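Let me begin by presenting the structure, written as structure tokens, before commenting on it.
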Amino acid sequence: MAEAVLYVIATPIGNLGDLSARAIKLLSEVDLIAAEDTRHTGRLLSHFSIKSSLVSVHDHNEIARAELIIDYLSQGKRVALVSDAGTPLISDPGYGLVKRVREAGFNVSPVPGCCAFVAALSAAGLPSDRFMFIGFLPAKTQARVKQLSELVDQTCTLIFYESTHRILVSLDDMISVYGDHREAVIAREITKTFETFKHGTLADLKAWMLTDANQQKGEFVVLVRGAEPVDDKVDQIDARSAHVLGLLAAELPPKKAAAIAAEITGIHKKQLYEYLLQRD
Ligand code: SAM
């Protein structure tokens, strides 16, 4: 008998060719597929002639469904979890189910594939070494502005999901919090016919969307370049240490002044030296 396992399977975000061979095989073999929307997933399965049974799992029945799925797993059966598009649990249902299945002691195994924000980041041309995935912003303006404001000093790339209904108001709020000139990329309809990556300042992107209403349609990932890093090491130099350094620098070459000030203050001499150079 196959080992009981819950597979968390990524599905395409537009192009059906992106469903992996392993995903197709496992979706065909499992005893049950738990899907966010059974009609939506039914269409995907029929495209690939997959006949496995479907059951719905969404935010409102996840806990109850977890009991059913744990029951399947207890019988040594295999179950798959899918969402409408992309990777389950990423701005999609599934967290409650995965948590409970793990707590019940069963294996949960990912079958990786599409994820809209990873696809967007991989092609946007913004820094990808450090990023923060935020997902959907709140629907209400006040809450949206508050969340954007909390991120204003983040230096990593910020990644948001957005829909047709809110793309313009969200861009407006990003402009009001981050300023006209913050660099950003809109990744629209990734892997679909009208895939578009548009790079510019937030103000450029807003203007571009306003001049072409077609660009306001579809699904969006918005990537915003992080804030310029503040040289916080230099900022950390307190007033007294700066005063000592200033007195020494008035009499000595900068390197010597920094070295002696380092002995007095305990601050690293390189940091003090950089402070002097920036001050001058
Ligand atoms: N679980 C999905 C994933 O792994 O990316 C995300 C699901 S979330 C409900 C749907 C949002 O993902 C959309 O509103 C959009 O922001 C983004 N998205 C999904 N497909 C996309 C695509 N083809 N192009 C751009 N954004 C997409």
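What you see is a predicted model; the values in this text were computed from it and never measured. Both counts, for ligands and for their atoms, begin at 1 and track the order of listing. Start at 1 with the first residue, then count along the sequence.
Ring planes of Phe117 and Phe133: parallel class, angle under 30° (limits at 30 and 60°).
No donor-acceptor pair under 3.5 Å is formed between the side chain of Arg182 and the backbone N or O of Ile175. Without hydrogens or angle criteria, Glu189 side chain to Gly218 main chain gives no donor-acceptor distance under 3.5 Å.
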Which N or O atoms of ligand 1 sit under 3.5 Å from a protein N or O, and how far apart is each pair?
from     : atom 1 : to     : atom 2 : distance (Å)
ligand 1 : 1 (N)  : Ala85  : O      : 3.1
ligand 1 : 1 (N)  : Thr87  : O      : 3.0
ligand 1 : 1 (N)  : Ile90  : O      : 2.8
ligand 1 : 1 (N)  : Asp92  : OD2    : 2.7
ligand 1 : 4 (O)  : Thr87  : N      : 2.8
ligand 1 : 5 (O)  : Ala116 : N      : 2.8
ligand 1 : 5 (O)  : Tyr161 : OH     : 2.5
ligand 1 : 16 (O) : Glu162 : N      : 3.1
ligand 1 : 16 (O) : Glu162 : O      : 3.3
ligand 1 : 16 (O) : Phe220 : O      : 2.6
ligand 1 : 20 (N) : Glu219 : OE1    : 3.3
ligand 1 : 23 (N) : Ile13  : O      : 2.9
ligand 1 : 23 (N) : Ile190 : N      : 3.3
ligand 1 : 23 (N) : Ile190 : O      : 2.9
ligand 1 : 24 (N) : Glu189 : N      : 3.4
ligand 1 : 24 (N) : Ile190 : N      : 2.8

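Checked against a 6.0 Å centroid threshold, the rings of Phe220 and Phe160 do not count as neighbours.
Donor-acceptor pairing under 3.5 Å is recorded for the side chains of Thr201 and Asp204.
Clustering of Ile, Leu, Val, Met, Phe, Trp and Tyr side chains at separations under 4.5 Å places Val108 together with Leu6, Val8, Leu32, Val55, Val57, Leu68, Ile69, Ile70, Tyr72, Leu73, Val79, Leu81, Leu89, Tyr95, Leu97, Val98, Val101, Phe106.
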